[in-house]
Structures are given as C-alpha cells and as structure tokens.
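Proteins get letters first, then strands, A, B, ... in listed order; numbering begins at 1 in each.
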Amino acid sequence: MGIWLTMQMALRALLAYKVRTLLTMLGIIIGIGSVIVMISIGRGANASIQEQIHSLGSNMLMIFSGTSKSGGVRSGYGTKPTLYVSDVAAIARDCPAALNVAHATIQNEQIVAGKRNWGARVYGTTESYVVVWDWPLQEGEFLSESQVRAAANVVILGAAVYENLFEPGAEVIGQRLRIKNVPFRIIGILSPKGRTPSGQDQDDTVFIPYTTMERKLAGQRLPGLVNFILVSAQSGELVEEAKREVEELLRQRHRLQPGVDDDFTVRTLDEFAAMAGKTTNTMTWLLAAVAAISLLVGGIGIMNIMLVSVTERTREIGIRMAVGARKSDVLFQFLVEAMVISLAGGIMGTILGVSSAQLIARLAGWMTIISLDSILLATIFSAVVGIFFGFYPARKASNLDPIEALRHN
Amino acid sequence: MQPPIIQFRDLWKGYPMAGGRVDALKGVSVRIEAGEFVAIMGPSGSGKSTMMHIAGLLDSPSQGVYELGGENVSALSRDQRADIRNRKIGFVFQSFNLLSRCTALENVELPMLYHRPAFPDRRQRALAALRLVGMEARAAHLPTKLSGGQQQRAAIARALVNQPALILADEPTGNLDTRTGQEIMELLAGLNAQGITIIIVTHDPEVGQAVRRRIKLRDGLIEVDEVA
C-alpha cells in the first residue's frame, strides 16, 4: 500500500479518537517545546555573555607573564614574573597595530577610611588603564601622567569599594584614606562595570600609580615588574596583527631562541569569548538533555497508547489480514500512526517552544535565540521517538494470527 | 480440462494441546470444481471451521496437499498466503466484520488497498460491486447506519471486489432473521449463477437445503458428500 494512503488511514484512525490522540501528543508537545525553549535560553545566555565580553573592548589583548616550573610542578600563568615596565614602553613604541597600552600590578590590601575598613584589590597602574578599558568615571578624574611620574599618593575608587567605605551619596573627592598605613587622597570614582566573565567583581578595586605602589606599598618586590599588560589594537581587524607584533617584540626583548617556549601569554578577548562560549554550550546541552527526558516520557506515552490501540483494534487487524494485508502492511499502518502522533506533537511542540521562548524573553527580559537547527533537531527527534516507541506495538499488531484476531471481541 | 478450484489430498490439521496433540482434520480429501455452490456442514468441533481456515489460506495444513486452482498452496509463507487471499478468496463472516469507522464504500475498497499492483479506479470498482449487491444507494453510510442484511450485502460486495476465484462464507445468515437470511442466500445463489464458486460453512440445515452440494464433517473426517 502506498505511503500516502497509509498516512490518510493513520490520520483517520487518530481523528476517530481526538481526545486520546491529543493527550498522547501532549507528552511530545511538552518534550519538544521544552527542548526548544532550553536551547533558545542557552543560546541566548551565550549571546549575552559574548556581548558582555565584547563590551569590554573587542580590540583588547591581555598579556600575562609566563609560568614557573619547579621540579616538574608547573604553576599557572603569571607565576613567573617576566614582564617589565620597559616591555610596556617598548610595545607602545614599536607595535604600530597597538593603539593604547596599559599595565597593572595587583596587591590585596586593607583600606581604611575613617572608622571603616575594607579589603580590596589595589591596582598599581598608569593613566592609560581606563582608556584601554574604555571605563568612564562617575566622579572626579583618573590618574594623570604627572601623578604617575611623581608617584603621587592619589587613589581612584571602584564603585563597590566606594559603597563599602562611605555612606551613599557622601562627597569623597579630596578626602583621605589609608592603604597599608600610607595616606592617599581620593581623586575619582569609577562607574560600575560589573563582573568579569569569570565572576570577579571589577568594581571591588582601587587604582593608584604603579610608581607609588612600587615605592610605598610593594615591600621586597623587584622594581619595574608588572602582573599584566593590556593593549588595545587600532581596530578590530588589527587584533591578530597586534598580537603577532607583541609576541615577536617580547620574544626579541626576552632573548628567546627559536624553539624555546614563550615566557608570556597573549590572549585576545575573542579567545575569552570562545572559552565562555564553550561553557555556555555545555550548559545548553545539559538543559536540552534534561528536556529530552520529558520527550522520552512522551515517547513511552505513545507506546502505551499504541499498545492499547492494537488490543482494541485486534479485530480490525484480523479483517485487514483476511482481505490480504501483509505483515508489513499492518506494521507500517501502526508505525505511521505513531509517527503521525509524534510528528504532529513535534510541530505543535515547536510552536509552543518558539512562543514560550519569546514570552520568556519579554517577561523575564532574558535573551533567547531560536535557531532553525534546534527546530530541525526537534522535528527529527520527534519522528525518531515515534518510530522507536511505535515499533514494538506495530510489530505486535503485525504478528497477530489472523484467525485469533478475527475471533477477538 | 480446467483444474478444480479446490483439491484437498489427505489433509491433516493438528493443534498442540496440553498433554499431546488434537487433530481437527484427520485426512480430508475433497475436490470442488469451479462454479460449484457448496455447503460444509457439521456439528461444532467437527472440523468445518478448520477446513474453512485452510481453504481460505488463513492457516496451513499440518500434512497433506492443498491445491487452489491447480497450484499447490500447502506450504506458503504468511505474506504469500496474504497475497493469494487478496486475489483469489473473498470472505463473508457471520458478524459481517465491516470496519466501523469506514463507510460501506470504503469497506468495499479495503481489499483493493492491499492489491499489488494498485488499482487506478478503486472507487468505480467498489461502486460496481455495491451495485451488484443492490447497495449502491447506501455507499456513503457507516455500518452502524445499516441493517444487518445491508451490512452483510456490503460485506459480500467487499468479498467480490477483487474478482476472486472463490467466496468463503462462514455462517453468513447466522446473525440475521429468517427473511433477511433468505435474501442473503438468494443473493449468493444469484452470484453463483453468474459463475462464482461459493462455499458456505454452516450448521443450519435450511441453508444446506439451498445449495447443490453438501459436505458433512464429523470428527475431522468427511461423513457425507452429497449432491442434491
């Protein structure tokens, strides 16, 4: 029998029991719907994280010093200090693709203002730091070149530090605070920037000239060492070019022979974005897998109903066999019915999923992305569920003995 | 000379049962020619249902040879038997066995759905078959809207539609009142007069009186084979 005729027959059989068919479909509708919603939420989360990363400045490179090795134990990035202020100056001078260069050295210190105190990361840096980051101030000014040169005792507060040390709205520009007992004058407050993709609060920081840090806070450290260097490229297209120039320059300056590993690491934000993307991708598939379980439950629902249907229609099967239906004819008839249920459920579930994703986007304000491939995946999956869970009942039907089936009441 | 429609040669049929085997047919040999009108009779348990199942290729004999239209069909696969049922045998049942969700016309089309190659003019053929049994006007009715006699007429149309060599009717009047039963017998007789071979399985002596040849079974063997 032709496939078209079989489809028509399946549709008629299903329409004869509308409520039952709809209830059976419900499992698939919910399953497919939730797979689509979960994938779209996951994709949306990924996209908004990517957006956040690129809002950090998509032209940016970060340079960390190398890793230290001691007796086979390899520590992480930045554990072996190899980057110096002189490297920063060289990059600014000799890398044409670089627009701005900044560096920072980080120390954790206790900050005291009046009767309050707060532990925060202190960045010893230069005037170009906020330029590279494109980080505006909400009040006052950032460091000036002359303050850096003169190792002035001035400090700029991150938004979170300001909140923790002062009353809301307090006028603090010009006021004094102490870091490691050294007095500093507050000259600016940065606007809030939020967390980095790795969860670090960028606002829980204060900034002072690196020269001041070296001379008054650092203790035993070698002068001129920096923790990391930030470089902004002239444009987005020149990021890779800038990376190459920086790598070449640093290898030359650090006198690394060909074949020797770099003693520093250059990362572009694209690489960070790719890493973050991997994480959210894993999340997405995890969510989809959880949703797929409901699809499985829906499939079992189909099997259940098809088994009931085969029992109820035993006599019909007997009649069809008596007038010449082959085993495969009966098998296909019931398989197609199961597939029609699951495919129709899949289509309705897709509609439900797409509209719920849009509703979630509107109500919760989350970014959701509906892509064609997730719809395609859902449709194929629902058909597979139909075949898989429809096969056992269909085989049961096709294996019935025509004489027994005709006697069945 | 034309080969017989049905030729049974020493046909046995046994069923495995708890504590051994039960033989429903114990060596039946019979020959039915094209165009005959035959009743297979006997009390319940005599083997007449088994004989019909084998003759209708719903079952295979355990032993012996069954030739249908000169072709040995004793040991065919399920699908081969399904194809022969579809082409050569029309069934009429006591309880009509129409699909309740399908109209009379669709029920008559049913055997054609399984015919290979497909008929291009299913609807016309089904209507023609319904016309033959006087049911053309009720083609669009569901079985529940038809009387018992009308349902059996539609079932006969379904049995005729693939132009089989043989119609097997199992107690075709069993669920009908006497008058309607007579009408159905007249219809079958009319079809037989047009050359269609008809075998009726029945325990009703009145039905037996209406046919030309009676084969009486008892305990799996032919007891009487008489032509009126």
Crowding at OH, A:Tyr17 (>12 non-hydrogen neighbours, <6.0 Å): yes
Contact origin within B:Arg81 toward chain A - heavy atom pairs under 4.5 Å: neither
Euclidean distance, A:Ile319 CD1 relative to B:Leu99 CG, rounded to 0.5 Å: 5.0 Å
For chain A, the option from B:Asp83, B:Asn97, B:Leu98 that forms the most heavy-atom pairs under 4.5 Å: B:Asn97
Interatomic spacing from NZ in A:Lys327 to OG in B:Ser77 - rounded to 0.5 Å: 10.0 Å
Residue-level contacts of residues 396-405 of chain A with chain B, using a heavy-atom cutoff under 4.5 Å: A:Ser398, A:Asn399, A:Leu400, A:Pro402, A:Ile403
Neighbour count above 12 (heavy atom, 6.0 Å) for A:Arg395 CZ: no
Residue B:Glu106 versus chain A: region with a heavy atom under 4.5 Å: side chain
Atom CE of A:Met283 with >12 non-hydrogen neighbours under 6.0 angstrom: no
Chain A neighbours within residues 57-66 of chain B, where any heavy atom lies under 4.5 Å away: B:Leu58, B:Asp59
Passing candidate, side chain to side chain contact (heavy atoms under 4.5 Å, CB included) with A:Val323, options B:Leu113, B:Asn107, B:Leu110, B:Asn162: B:Leu110
Atom pair CE/CG of B:Met112 and A:Leu5 - distance to nearest 0.5 Å: 11.0 Å
Closest contact, heavy atoms only, A:Ala325 versus B:Ala82: O-CB, 3.7 Å
B:Asn86 side chain reached by A:Arg326 side chain, heavy atoms, under 4.5 Å: no
Gap between atom CE of A:Met321 and atom CZ of B:Arg78 - 0.5 Å precision: 4.5 Å
Residue B:Phe37 excluded, over 12 heavy atoms near CZ under 6.0 Å: yes
A:Arg315 and B:Ser95 side chains, donor-acceptor separation under 3.5 Å: yes
Greater than 12 external heavy atoms within 6.0 Å of A:Phe388's CZ: no
Whether over 12 other heavy atoms sit under 6.0 Å from B:His203 NE2: no
Shortest non-hydrogen contact between A:Ala322 and B:Phe93, atoms and distance: CB-CZ, 4.1 Å
